[in-house]
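To start, the structure under review is shown below, and the notes come after it.
The basis for the numbers below is simple: all heavy atoms, side chains too, and nothing from hydrogens, waters or symmetry mates. For ligands, and for the atoms within them, numbers begin at 1 and follow the listed sequence. In this chain, numbering begins with 1 at the start of the sequence shown.
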Amino acid sequence: MHLAVIVLAAGKGTRMKSELPKVLHRACGRSLLDWALATAEPLNANETVVVVGHGAGDVVASLPEGAVAAVQEPQLGTGDAARVGFGACGRDVDTVLIILGDMPLLRPATLEAVLRTHKSEQAAVTLLTAVFQDPTGYGRVVREDGRVVGIVEERDADEGQRAISEMNVSVYAFDAAILGDALGRLRSDNDQGEYYLTDVVEILANDGRRIASVVADEADCVGVNSHAELALVSKVLRGRINEQLMQAGVAMLDPDRVYIDSGVEVGAGARILPDVYLQGDTTIEDGAEVGPSVHATDSSIARRAIVRYSVLDGATVGSGVTVGPYTYLRPGADLGVESKAGSFVEIKKSRVGPRSKVPHLSYIGDTTIGEDSNIGAATITANYDGFEKNRTEIGDRVKIGSDTILVAPVSVGDDAYTGAGSVISEDVPPGALALERSHQ
Ligand code: UD1
Ligand code: CA
């Protein structure tokens, strides 16, 4: 088999009421189109063609390596889109699988079943259908004596056809040559004046070709046309991600309140509490406890770390570290083994060495702190002079007194102290006590 997968993704998605092309809206950190491509990935197709149109530039820019774009302009319907996509396929292609870019819940196994049936039944086309509780708005599968004879769109259907609950999912496997011929015979004499891919099915039925079908689960066939549907599929995808993680040994107190994006890694034995958002390139190691109420993006949390009520963005949290409550770790915050960042502490572009502590009410920016140092409450590194960011260097076993302001660039040597309330603007040598304070 020489297989081409064609993804139809040129439509505008009017009901999203958004500048963003519909297929670029995201669910669990991934665009709808990305989910569709991921579903087809295990098929190892020889070619993957994405039909783009509305917002083509952005959609093309989002494509993974190996996917080819075919531009459909203007967008004259799904049949026209299939024609454009088919035109971009190589001559060797003998089987074409058409899927939609806005149906992220479909599973690889379902696509595999369609191809398997297509082959075993030696069909001209194999459709995926589903029996919907409420099929309003979808194309209905019309059968005679059990055999598929056509698909009728809701707006073109008569009352009897509207009562049919078997809907057309819009996933089809085609014999390539037969598809090419039928696409050339499509006409746009329907309610919308569009070329309907669905009409190919009737054409083939009239030609006396073999039409096979596979019935999918209703729940897997939800398409996204509105924000309500986007929220619905996001919830389902989230449930699948959490289910998989729990099976792999991750503990969750209440999985309905855990929001983990696709691609985030969570180690077995990690414990995730409610209202946790893990996004982007984030990794949680074994035995870490995250939550309640943590929002982490592009961050790593190592073994046995505890992070509560905090926001992490591009942060590295070492093993055994405690973070929170109410800590803001910004890009480049790097907390060494068993260190601590406590309440109302903001840290950016700074290394906190092993076992060092920043327990309360501090801003630490562009700073290096050595090992076993303690940063007193309300310490501020004044890193910005209005023109440039300057560095603060704090050594090992340092005690910074409460309410110290470290005016960067400045350094505090190993084993040094600063007195509470001091504004430190000159370097402090190792072992010294630096005090800057007027008499009361
Ligand atoms: C289509 C099917 C319908 C099926 C439903 C399932 C047709 C005529 N109808 O209806 O039987 O039940 O899907 O969701 O095929 N697209 C293009 N170019 C175009 C038009 C559409 O690429 O010119 C793409 C869209 O981006 C979208 C997909 O094709 O991903 C489906 O188009 P849409 O207009 O949503 O078709 P439906 O009316 O939902
Ligand atoms: Ca649709």
Side-chain angles (χ1 to χ4, degrees), residues 5-16 18 20-25 31-37 39-40 49-56 58-60 69-88 98-106 125 127-132 134-142 148 150-157 161-162 164-172 174 179 182-183 186-203 213 215-216 218 220-226 229-230 233:
V5 170
I6 299 177
V7 187
L8 306 188
K12 181 157 192 265
T14 314
R15 278 179 281 163
M16 299 302 286
S18 166
L20 195 65
K22 178 166 77 177
V23 291
L24 293 188
H25 283 267
S31 73
L32 298 178
L33 180 55
D34 228 33
W35 281 108
L37 290 167
T39 305
V49 175
V50 180
V51 181
V52 300
H54 185 77
D58 291 339
V59 179
V60 171
V71 181
Q72 185 202 18
E73 191 58 62
Q75 287 110 49
L76 302 176
T78 50
D80 179 57
R83 189 153 49 199
V84 169
F86 187 62
I98 298 184
I99 63 175
L100 302 186
D102 57 6
M103 218 171 256
L105 300 186
L106 275 183
V125 56
L127 334 167
L128 187 65
T129 74
V131 176
F132 267 35
D134 175 13
T136 308
Y138 291 104
R140 309 295 210 285
V141 178
V142 183
V148 175
I151 296 167
V152 59
E153 291 306 295
E154 164 109 6
R155 56 206 307 164
D156 302 304
Q161 291 167 329
R162 279 190 195 154
I164 298 171
S165 58
E166 185 180 18
M167 57 77 80
N168 167 40
V169 176
S170 275
V171 169
Y172 319 79
F174 284 103
L179 173 67
L183 287 174
L186 281 182
R187 292 151 51 105
S188 55
D189 51 357
N190 51 53
D191 184 59
Q192 294 193 90
E194 287 188 352
Y195 295 92
Y196 285 173
L197 178 56
T198 45
D199 287 349
V200 166
V201 174
E202 193 181 314
I203 291 174
S213 61
V215 182
E218 172 173 10
D220 291 353
C221 301
V222 182
V224 174
N225 297 295
S226 64
E229 284 164 343
L230 181 62
V233 302

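By the 4.0 Å heavy-atom criterion, D102 is counted among the residues contacting ligand 1.
By the criterion of a heavy-atom distance under 4.0 Å, the side chain of M103, and not its backbone, is placed next to ligand 1. With a 4.0 Å cut-off on non-hydrogen atoms, A81 touches ligand 1 through its side chain and not its backbone. Residue-level proximity to ligand 1 for V169 is carried by the backbone, the only part with a heavy atom below 4.0 angstrom. Within the 4.0 Å heavy-atom criterion, the part of Q72 lying near ligand 1 is the side chain and not the backbone. When heavy-atom distances to ligand 1 are checked against a 4.0 Å cut-off, V23 has no atom that comes that close, whether in backbone or side chain. Contacts between E153 and ligand 1, counted as non-hydrogen atom pairs separated by less than 4.0 Å, involve the side chain only.
R140 pairs in a side-chain hydrogen bond (donor to acceptor under 3.5 Å, both in side chains) with only one of the listed residues (E154, E153, Q161), which is E154.
For atom 24 (C) of ligand 1, the choice among L100, V141, L8, V7 with the nearest heavy atom turns out to be L8. For atom 1 (C) of ligand 1, the choice among G77, S170, C221 with the nearest heavy atom turns out to be S170.
In this structure, L100 and V171 have side chains that are not in contact, with every pair of non-hydrogen atoms separated by 4.5 Å or more. Residues V7 and V23 fail the side-chain proximity criterion, which asks for heavy atoms closer than 4.5 Å. N190 places a side-chain heavy atom less than 4.5 Å from the side chain of Y196.
Residue-to-ligand polar distances keep Y172 apart from ligand 1: every N/O pair is separated by 3.5 Å or more. Distances between N or O atoms of I151 and those of ligand 1 include no value under 3.5 Å. For ligand 1, none of its N or O atoms has an N or O atom of L197 under 3.5 Å away. Geometrically, ligand 1 and T78 share a nitrogen or oxygen pair separated by less than 3.5 Å.
Counting only N and O atoms by type, the side chains of T129 and E166 include a donor and acceptor under 3.5 Å apart. Inspection of the S31 and H25 side chains reveals no N or O donor paired with an N or O acceptor under 3.5 Å. Using modelled atom types and a 3.5 Å distance limit, the side chains of D199 and Y195 yield no donor-acceptor pair.
Atoms of ligand 1 found under 4.0 Å from any heavy atom of L76 (numbered from 1 in listed order, with element): 23 (O). Listed by number with element, the atoms of ligand 1 under 4.0 angstrom from any heavy atom of T198 are 7 (C), 8 (C), 9 (N), 11 (O), 15 (O). Within ligand 1, counting atoms from 1 as listed, the ones closer than 4.0 Å to a heavy atom of A9 are 22 (O), 26 (O).
The distance from atom CD1 of I151 to atom OG1 of T198, rounded to the nearest 0.5 Å, is 5.5 Å.
The backbone N or O of V224 sits less than 3.5 Å from a side-chain atom of K22, completing a donor-acceptor pair.
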Donor-acceptor contacts under 3.5 Å from residues 70-77 side chains, at least two apart:
unit_1	atom_1	unit_2	atom_2	d
Q72	NE2	G77	O	3.3
Q72	NE2	D80	OD2	2.8
Q75	NE2	Q72	O	3.0

